[in-house]
Amino acid sequence: MVLGWVVVSCKTDNEPAPEIDCDQSGLELELTPTAVSECGATDGEIAVAVSGGEGNITLSLNGGSFQNTSGFTGLQAGTYSVIAQDINGCTVSSFATVGINGSQVSIDEVTTQNAGCGQSQGVITVQGTGSGDLQYRLDNGAFQSSSQFTDLSAGNYDVTIQDASGCSTSARAVVLNGTSYADEVSSIINTSCIRSGCHDGSQGASLNWSSFENVQNRASAIKSQTQSGNMPPEGETISDQEIATIACWVDDGAPNN
């Protein structure tokens, strides 16, 4: 028995609306950090210069709420993620490291291993420099001597290193599901969603789902509609595992992989 939903129709008014092509927004971001005066100080700054995009541009620091600002102040030493967003929802992101005057503690590299869809096989490995023996921490956990964190599910993590002098710095690490469009998702689309008169281009070139770009442009809506049972079309079924696979690929940013 195949688990999943059977959908009653393939009406064009149920199709995901085309999304704005953010690749054409020209949105760019330049960050200029200022180091803190000493270990533990909160006088670091990141000045932000944004170009391109449309309308009012708002900024988010480390995934926080978007705000109207030209930069961020009152920062501790660490590596920060800044996201700029225009009125169309188009975004661009970059990283900046707020250093410590007179200290060499730094995160030189963060590498990750995919978690697997619905699994916890993710790994984060940190390489850093500083005085004496280094200690490592994931999010708000305890410091440890090992620079590797294992058994992680997909998501965003903060990694911190601390040297013998007590100076520390942090960076954001992203563990992906690692779901492949070519190896896992495309077969679901081709088998369950494309048929004569539906998603084959007969309803318009933008609805030809044999084109990766068309699927990618509607990725978020496809995830939503497969989870709600509004897709695939009448007469086709999609299993719970296939629904989860699509969701994991979309959560990874719908990459062409």
Side-chain angles (χ1 to χ4, degrees), residues 29 31 33-48 58-67 69 71-85 91-179 244 247-248 250-253:
L29 182 64
L31 307 180
T34 301
V36 298
S37 57
E38 59 184 358
C39 292
T42 57
D43 53 3
E45 300 180 6
I46 298 177
V48 182
T58 55
L59 303 176
S60 166
L61 184 70
N62 279 354
S65 59
F66 284 89
Q67 55 186 286
T69 181
F72 302 93
T73 61
L75 303 178
Q76 294 181 326
T79 299
Y80 294 86
S81 168
V82 176
I83 303 174
Q85 178 176 263
T91 61
V92 64
S93 63
S94 187
F95 293 87
T97 297
V98 175
I100 305 171
N101 286 333
S103 173
Q104 298 299 316
V105 63
S106 66
I107 292 178
D108 303 322
E109 184 179 14
V110 177
T111 59
T112 62
Q113 176 180 303
N114 294 332
C117 184
Q119 302 181 54
S120 299
Q121 300 176 356
V123 177
I124 296 175
T125 304
V126 188
Q127 294 184 16
T129 56
S131 63
D133 294 332
L134 300 180
Q135 296 286 310
Y136 305 85
R137 182 177 69 188
L138 188 67
D139 291 336
N140 294 320
F143 278 101
Q144 62 182 45
S145 58
S146 173
S147 63
Q148 188 173 85
F149 304 92
T150 61
D151 301 324
L152 304 175
S153 57
N156 298 329
Y157 297 88
D158 292 319
V159 292
T160 302
I161 66 170
Q162 179 176 277
D163 69 6
S165 68
C167 290
S168 64
T169 187
S170 302
R172 176 62 57 90
V174 180
V175 175
L176 300 176
N177 292 291
T179 304
C248 285
V250 175
D251 291 344
D252 278 354

Distance, nearest 0.5 Å, that separates [atom1] of [X] from [atom2] of [Y]:
X      : Y      : atom1 : atom2 : value
Leu176 : Asp252 : CG    : CG    : 4.5 Å
Thr129 : Leu134 : OG1   : CG    : 7.5 Å
Gln135 : Ser147 : CD    : OG    : 11.0 Å
Leu152 : Asp139 : CG    : CG    : 9.0 Å
Tyr157 : Arg137 : OH    : CZ    : 16.0 Å
Asn114 : Asn177 : CG    : CG    : 8.0 Å

Which residues satisfy the side chain to side chain donor-acceptor pair (under 3.5 Å) test with [X], sequence neighbours excluded?
X      : answer
Thr150 : none
Thr97  : Thr79
Gln113 : none

Inset, instruction - Please report the C-alpha distance between Val82 and Phe72 in whole Å, then the side-chain angles of each, then the deciding distance to 0.1 Å, and finally whether the side-chain contact (heavy atoms from CB on, under 4.5 Å) criterion is met. - result: CA-CA 10 Å; Val82 176; Phe72 302 93; 4.1 Å; yes
Please name the pair of heavy atoms, one in [X] and one in [Y], separated by the smallest distance, quoted to 0.1 Å.
X      : Y      : value
Ala84  : Leu29  : CB-CD1, 4.1 Å
Cys117 : Thr179 : CB-OG1, 3.7 Å
Asn101 : Ala35  : OD1-CB, 3.5 Å
Ser153 : Ala115 : C-CB, 3.8 Å
Gly99  : Ala77  : O-CB, 4.1 Å
Gly128 : Asp108 : C-OD2, 3.5 Å

Legend entry - Steps toward side-chain contact (heavy atoms from CB on, under 4.5 Å) verdict (Gln148, Val123): CA-CA 7 Å; Gln148 188 173 85; Val123 177; 3.6 Å; yes
Sequence neighbours left out, cut at 3.5 Å: what donor-acceptor pairs do the side chains of residues 58-65 make with other protein atoms?
residue: Ser60; atom: OG; partner: Gly64; partner atom: N; Å: 3.2
residue: Ser60; atom: OG; partner: Gly64; partner atom: O; Å: 2.6
residue: Asn62; atom: OD1; partner: Ser81; partner atom: N; Å: 2.8

Inset, instruction - Kindly write out the residues that satisfy side-chain contact (heavy atoms from CB on, under 4.5 Å) with Ser37, not counting sequence neighbours, or none if the list is empty. - result: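 Ser37 satisfies side-chain contact (heavy atoms from CB on, under 4.5 Å) with Ala41, Asp43 only.
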Legend entry - Enclosure of Asp133 CG (heavy-atom neighbours >12, cutoff 6.0 Å): no
Can you give each donor-acceptor pair under 3.5 Å made by side-chain atoms of residues 166-175, sequence neighbours left out, with the distance rounded to 0.1 Å?
residue: Ser170; atom: OG; partner: Thr160; partner atom: OG1; Å: 2.7
residue: Arg172; atom: NE; partner: Asp158; partner atom: OD1; Å: 2.7
residue: Arg172; atom: NH2; partner: Asp158; partner atom: OD1; Å: 3.3

Inset, instruction - Kindly indicate whether the side chain of Val48, heavy atoms from C-beta on, has any atom under 4.5 Å from the side chain of Thr69. - result: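 The answer is no, as the side chains (C-beta and beyond) never meet within the 4.5 Å cut-off.
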Inset, instruction - Walk me through it: do Leu31 and Phe95 pass the test side-chain contact (heavy atoms from CB on, under 4.5 Å)? - result: CA-CA 8 Å; Leu31 307 180; Phe95 293 87; 5.7 Å; no
Inset, instruction - Please step through side-chain contact (heavy atoms from CB on, under 4.5 Å) for the pair Ile46 and Val98, ending with a clear verdict. - result: CA-CA 8 Å; Ile46 298 177; Val98 175; 3.8 Å; yes
